[in-house]
Engineer: 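There's a structure below that I have some questions on.
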Amino acid sequence: MRILLIHSDHLKYQTKSKTRIAEKISEEEKAGEFINALVVFTAVEKEDEAKPEEIAENAVKEIIDVFRNVKAENIVIYPYAHLSSSLSSPKSAKTILTNIESKLAKMDLPVSRVPFGWYKSFEVSCKGHPLSELSRSITPLSLPKEEIEEKGEKSQFFILYNGECTDPEQFDDFNQDMKKLMDYELGRGESSGEEPPHVKLMREKKLADYEPSADVGHLRWYPKGRLIRDLLSDYVYTLVTDHGAMPVETPIMYDLADDAIRVHAEKFGERQYRMGGGKKDLMLRYACCFGAFRILSDSFLTWKNLPVGIYELSTYSFRLEKKGEVVGLKRLRGFTMPDLHTVCVDLAQSMEEFQKQIEMCKKTGEDLKVNYEVIIRTTAEFMQENKDWINHAAEKIGKPVLLEILPERKHYWVCKMDFAAIDYLGRPIENPTIQMDVESGERFGITYIDSEEHDNHPIILHCSPTGSIERVICSLLEKSALDMKEKAPMLPLWLAPTQVRIIPITERHLEHAAKLARELRNAHIRVDVDERPETVGKKIRSAGGEWVPFVIVIGDRELEGAELTINVRETGQKVSMGLQELIDIIRLETKGMPYRPLPLPMNISRRVNF
RNA sequence: GCCUUAGUGGCUCAGCCGGUAGAGCGAUACCUUGGUAAGGUAUAGGCCGGGGGUUCGAAUCCCCCCUAAGGCUCCA
């Protein structure tokens, strides 16, 4: 918001004609005169819409401050659009201006407001002393931090284990990761000041890199990284469709003129990308909720349909995170999140579905070989009424779970469960999540017909069974950095860009190498051939650097016999076996996991060095 | 966003109390036809992040900006 403050001897105005957005006024409001008045010319801006309350409060503070300083007798709020080129909607402007007026009136200050949306003539005579002309930009940020945080009491934390609810201070049967998670949640994590290793790894392994020509927190993905993303996408797709969800795809931007969209968007405050462009004020989605809810509210749902899940992978979701918070794959401004929304008839059904989704989230940890620690967050009220259910949820995890109890409901959910991997530096990477949403059904006008033919608003579960794709890759890389202390780091076999590398010793072994490669490729194994004229030692080393799980050297011996010598990265051993045996081993280990072919030239010498 | 630190060939870094721009890896070429984690030789490659200032002279000193990392805070 921009304001221009003029300390005037007098202000006179007269309304002339209405504009399209004029407010209704009484006869006596059509003209006015004020003596010794502080005139506040005010333009409400687009960005103010996110935090109207804070803006009004800050404006009031600023006005009172100047008012007392100049010792005026009146305050006049004067809507004056010409102070800004990025105006808010007239509706928000009226709301904010009225709000400022009533706040000042409540403090018994002599305040008046000139009508909004009229063409007016006016006369103002400025006193001309040093403080008589001031301009200010009002932002929600100028509100001191402590005052924002004052609202709401603090959460309480407990450890849930074996049906017991214990004070974290009293509990000592922790695994290391849970201890780290708890320290972090309770705000007593210590930091070593190191860089998270995944950032170096994602670049070194040519998976992804920063893109300086985009905004902060948007990445470029190289073929190997893109392959891993695609495999993970395939994985989640199969997982959720196996659970009965229906995939959809929805737009990435939404019109803020829709009230439901705007209110849901405001949950994110300033962390949104806004777009102008034409007459519409648009936001970029920060999750798939918007599109999913719009589909659901336009659908005809009956109790017989429910529970029903719709699924979308958000390539991309956008969140305008603070610059200093954006890091590698852990925190981005553009990210890809699997997002499942499950519509349930009531709390009871959503609680039942919730338990199934816990199983699903747990399974992703097993399939990805990532250890999750779990936090259940709930409102005090929900906890009170559903103790057994929460205990049951915690028991499913099979190890101690952190429980956060919030005194009041601050968000759209009453209960959520977060699964976090612990990174190399001992900090959580929040991955899968399940949330029980009691608000959006009503807000988005989503209804279903129950068996008595009444319309009802459903409870909606939000679930991301893996968390964002980027964070999954982040967890995998962080884990491999931890592994590095003890053994050769690697990705799960089904995600390894190259699963088998063949190294021919000399030119005369090339043909045989190519033949083996063809056979492996036909067996749906990602295989490549390092036919560069380098020494065997060097090629072995370079395969090691790429974390290739199986390496086969082809020389005269292999030309003669059927047995191959295979370097197995996992064990660090050289094993002798036939080709079919290798194929069987790989098939067994990647069973049930998605496959995509190698997205790179099979010959190493033809590869681009990104 | 704020505070701290950093930015030098594609990558990792040295040079930084001012005086001709350095190394290793990688790349390219040639030699080597080599059996399990770097074979040899040569060559190319730089607006020293950008802009301004001080100076006879700036990668080096000063100011502003950009980008990155760490911390604060919030999240998937």
Engineer: Taking atom C1' in both B:C62 and B:U54, what distance in whole Å separates the two?
Structural biologist: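 Rounded to whole Å, the distance is 7 Å.
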Engineer: Need to verify one output field. Residue with the more 5' nearest nucleotide on RNA chain B, A:Gly324 or A:Gly467?
Structural biologist: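 The residue whose closest nucleotide sits nearer the 5' end is A:Gly324.
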Engineer: For B:U12, which nucleotide in any strand shown is its Watson-Crick or wobble partner with both distances under 3.5 Å?
Structural biologist: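 Pairing partner: B:A23.
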Engineer: For B:A14 versus B:G46, give the span between their C1' atoms, rounded off to a whole number of Å.
Structural biologist: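 It works out to 15 Å between them.
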Engineer: Identify the nucleotide, in any strand shown, that forms a Watson-Crick or G-U wobble pair with B:A6, with both distances under 3.5 Å; if there is none, say none.
Structural biologist: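 Paired with B:U67.
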Engineer: Find the partner of B:A59: check Watson-Crick (N1-N3 plus N6-O4 or O6-N4) and G-U wobble (N1-O2, O6-N3) distances, both under 3.5 Å, and reply none if neither fits.
Structural biologist: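 Its partner is none (no Watson-Crick or G-U wobble pair with both distances under 3.5 Å).
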Engineer: Considering every strand shown, what is the Watson-Crick or G-U wobble mate of B:G18 when both distances are under 3.5 Å?
Structural biologist: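 Partner of B:G18: none.
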Engineer: For the atom pair CG (A:Leu579) and CD1 (A:Ile525), what is the distance rounded to the nearest 0.5 Å?
Structural biologist: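 If we round to the nearest 0.5 Å, A:Leu579:CG and A:Ile525:CD1 are 8.0 Å apart.
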Engineer: Should A:Tyr210 be listed as having a side-chain N or O under 4.0 Å from OP1 or OP2 of B:A69?
Structural biologist: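 Checking A:Tyr210 against B:A69: at least one side-chain N or O falls below 4.0 Å of OP1 or OP2.
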Engineer: In residues 412-424 of chain A, which ones come under 4.0 Å of RNA chain B, going by heavy atoms?
Structural biologist: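 Within this stretch, A:Lys416 sit under 4.0 Å of the strand.
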Engineer: Exactly one of A:Leu284, A:Leu256, A:Leu320 should register a side-chain contact (heavy atoms from CB on, under 4.5 Å) with A:Arg274. Which one does?
Structural biologist: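 When A:Leu284, A:Leu256, A:Leu320 are each tested with A:Arg274, the side-chain contact (heavy atoms from CB on, under 4.5 Å) holds only for A:Leu256.
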Engineer: Give the nucleotide from the list B:U73, B:C75, B:A68 with an atom nearest to the side chain of A:Lys322.
Structural biologist: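 Of B:U73, B:C75, B:A68, B:U73 is nearest to the side chain of A:Lys322.
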Engineer: If I pick the C1' atom on B:G51 and the same atom on B:G24, what distance separates them, to the nearest angstrom?
Structural biologist: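 33 Å, rounded to whole Å.
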Engineer: Is B:G45 paired to anything, Watson-Crick or G-U wobble with both distances less than 3.5 Å, and if yes, which nucleotide?
Structural biologist: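 Pairing partner, where one exists within any strand: none, as none qualifies.
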Engineer: Looking at B:G1, which nucleotide sits across from it as a Watson-Crick or G-U wobble partner, both distances under 3.5 angstrom, or is there none?
Structural biologist: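 Base-paired to B:C72.
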Engineer: With a 4.0 Å cut-off on N to O distance, would you call A:Glu373 and A:Lys179 a salt bridge?
Structural biologist: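 Salt bridge: no.
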Engineer: Quick one: which residue pairs count as a side-chain hydrogen bond (donor to acceptor under 3.5 Å, both in side chains) with a foot in residues 360-370 of chain A, not counting sequence neighbours?
Structural biologist: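 Sorted result for residues 360-370 of chain A: A:Tyr235-A:Asp367, A:Lys363-A:Asp367, A:Thr364-A:Tyr372.
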Engineer: Give me the distance, rounded to whole Å, that separates B:C61 from B:G71 when you measure between the C1' atoms they each carry.
Structural biologist: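 Per the computed distance, 29 Å lies between those C1' atoms.
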Engineer: If you round to the nearest 0.5 Å, how far is CG of A:Leu282 from OH of A:Tyr273?
Structural biologist: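 Reported to 0.5 Å precision, the distance equals 15.5 Å.
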Engineer: What nucleic acid atoms does A:Val216 come within less than 4.0 Å of, heavy atoms only: base, sugar-phosphate, or nothing?
Structural biologist: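 Sugar-phosphate: the residue A:Val216, judged by heavy atoms under 4.0 Å, touches backbone atoms but no base.
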Engineer: Return the value, rounded to whole Å, for the distance between atom OH of A:Tyr286 and atom P of B:C75.
Structural biologist: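 My rounded result for the distance is 12 Å.
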Engineer: Is the distance between the ring centroids of A:Phe444 and A:His264 under 6.0 Å?
Structural biologist: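 Under 6.0 Å, so yes.
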Engineer: What pairs with A:His198 under ring pair (Phe, Tyr, Trp, His ring centres under 6.0 Å), at least two apart in sequence or on another chain?
Structural biologist: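 Checked A:His198 against ring pair (Phe, Tyr, Trp, His ring centres under 6.0 Å); zero matches.
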Engineer: Atom CG of A:Leu201 and atom P of B:C11: how far apart are they, to the nearest Å?
Structural biologist: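 Answer to the nearest Å: 17 Å.
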Engineer: Just jot down the salt bridge (charged side-chain N to carboxylate O under 4.0 Å, His left out) partners of A:Lys330, sequence neighbours excluded, or say none.
Structural biologist: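 With neighbours one apart ignored, the set is A:Asp423.
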Engineer: Starting at the 5' end of RNA chain B, which residue's closest nucleotide do you reach first, A:Met337 or A:Gly328?
Structural biologist: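 Result: A:Gly328.
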Engineer: Given the C1' atoms of B:A38 and B:G26, what is the spacing between them in whole Å?
Structural biologist: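 One C1' to the other, the span is 12 Å.
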Engineer: Between A:Lys515 and A:Glu511 (salt bridge meaning N to carboxylate O under 4.0 Å), is one present in this structure?
Structural biologist: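 Salt bridge between A:Lys515 and A:Glu511, a charged N being under 4.0 Å from a carboxylate O: no.
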Engineer: So which pairs with a foot in residues 547-561 of chain A pass salt bridge (charged side-chain N to carboxylate O under 4.0 Å, His left out), sequence neighbours left out?
Structural biologist: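 Every pair satisfying salt bridge (charged side-chain N to carboxylate O under 4.0 Å, His left out) with a residue in residues 547-561 of chain A: A:Arg508-A:Asp556.
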Engineer: Choosing from B:G1, B:G71, B:A69, which nucleotide comes nearest the side chain of A:Pro196?
Structural biologist: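 Looking only at heavy atoms from C-beta outward on A:Pro196, the closest nucleotide is B:A69.
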Engineer: Check A:Arg319 with A:Glu325, please: is the shortest side-chain N to carboxylate O separation under 4.0 Å?
Structural biologist: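 No, A:Glu325 and A:Arg319 are not salt-bridged.
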Engineer: Can you give one letter per nucleotide of nucleotides 28-38 of chain B, going 5' to 3': B for a protein heavy atom under 4.0 Å from the base, S for sugar-phosphate only, - for none?
Structural biologist: -----BBBBBB
Engineer: Pick the P atom in B:U32 and in B:G40, then give their distance to the nearest Å.
Structural biologist: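 That atom pair is separated by 16 Å.
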Engineer: Under the rule for side chain to side chain contact (heavy atoms under 4.5 Å, CB included), what residues qualify as partners of A:Thr238, not counting sequence neighbours?
Structural biologist: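 Partners of A:Thr238 under the side chain to side chain contact (heavy atoms under 4.5 Å, CB included) test: A:Asp242.
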Engineer: Report the residues that fulfil side-chain hydrogen bond (donor to acceptor under 3.5 Å, both in side chains) with A:Lys205, sequence neighbours left out, ordered by chain and then residue number.
Structural biologist: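 Scan of A:Lys205 (side-chain hydrogen bond (donor to acceptor under 3.5 Å, both in side chains), adjacent residues dropped) gives none.
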Engineer: Do A:Tyr210 and A:His218 have their ring centres less than 6.0 Å from each other?
Structural biologist: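 Between A:Tyr210 and A:His218, the centre distance exceeds or equals 6.0 Å.
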Engineer: Over all strands shown, is A:Arg203 touching base, sugar-phosphate only, or nothing at heavy-atom distances under 4.0 angstrom?
Structural biologist: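 No contact at all - A:Arg203 keeps every heavy atom at 4.0 Å or more from the nucleic acid.
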Engineer: Between B:G1, B:C75, B:A69, spot the one nearest the side chain of A:Lys323, thanks.
Structural biologist: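 For A:Lys323, the side-chain atoms sit closest to B:G1.
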Engineer: Just jot down the side-chain hydrogen bond (donor to acceptor under 3.5 Å, both in side chains) partners of A:His243, sequence neighbours excluded, or say none.
Structural biologist: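 By the side-chain hydrogen bond (donor to acceptor under 3.5 Å, both in side chains) rule, A:His243 matches no residue at all.
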Engineer: P atom, B:A23 versus B:A44: distance in rounded Å?
Structural biologist: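 Between the two P atoms, the distance is 12 Å.
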Engineer: Nearest-Å distance, NE2 (A:His462) to C1' (B:C75)?
Structural biologist: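 So the two atoms are 15 Å apart, to the nearest Å.
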Engineer: What's the CD-P distance between A:Glu204 and B:C25, to the nearest Å?
Structural biologist: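 After rounding, the reported distance stands at 17 Å.
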Engineer: In the strands shown, is B:C30 matched to any nucleotide by a Watson-Crick or G-U wobble pair with both distances under 3.5 Å, and which?
Structural biologist: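 Matched B:C30 with B:G40 under the 3.5 Å cut-off.
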Engineer: Mind calculating the distance between CD (A:Gln272) and P (B:G1) to the nearest angstrom?
Structural biologist: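 Whole-Å distance recorded here is 17 Å.
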Engineer: For A:Met182, which residues count as a side chain to side chain contact (heavy atoms under 4.5 Å, CB included) partner, sequence neighbours excluded?
Structural biologist: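 Testing A:Met182 for side chain to side chain contact (heavy atoms under 4.5 Å, CB included), a comparison that skips the adjacent residues, returns A:Ile159, A:Pro168, A:Phe174, A:Leu186, A:Arg188, A:Leu402.
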Engineer: Residues of residues 472-479 of chain A with any non-hydrogen atom less than 4.0 angstrom from an atom of RNA chain B: list those, numerically ordered, please.
Structural biologist: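 Nucleic-acid contacts, sorted: none.
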Engineer: What is the nucleic acid contact for A:Ile429, judged by heavy atoms within less than 4.0 Å: base, sugar-phosphate only, or nothing?
Structural biologist: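 It contacts nothing in the nucleic acid.
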Engineer: Expressed in angstrom and rounded to an integer, what is the separation of A:Leu186 atom CG from B:U73 atom P?
Structural biologist: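 A:Leu186 atom CG is separated from B:U73 atom P by 13 Å.
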Engineer: With rounding to whole Å, what would you report as the distance between B:G50 and B:U43 at their C1' atoms?
Structural biologist: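 That atom pair is separated by 32 Å.
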Engineer: Could you check how far CZ of A:Arg427 sits from P of B:C75, rounded to whole Å?
Structural biologist: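 After rounding, the gap between these two atoms is 17 Å.
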Engineer: For A:Glu470, which contact category applies under a 4.0 Å heavy-atom criterion: base, sugar-phosphate, or nothing?
Structural biologist: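 Nothing: the residue A:Glu470, judged by heavy atoms under 4.0 Å, touches no strand.
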Engineer: Look at A:Arg229 together with A:Glu470 and state whether they make a salt bridge at an N to O cut-off of under 4.0 Å.
Structural biologist: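 Judged by the 4.0 Å cut-off on N to carboxylate O distance, A:Arg229 and A:Glu470 do form a salt bridge.
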Engineer: Please write out each protein N/O paired with an N/O of nucleotides 6-8 of chain B under 3.5 Å, distance rounded to 0.1 Å.
Structural biologist:
none

Engineer: Could you state the CD-P distance from A:Glu325 to B:G71, rounded to the nearest angstrom?
Structural biologist: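 The distance from CD of A:Glu325 to P of B:G71 comes to 12 Å, rounded to the nearest Å.
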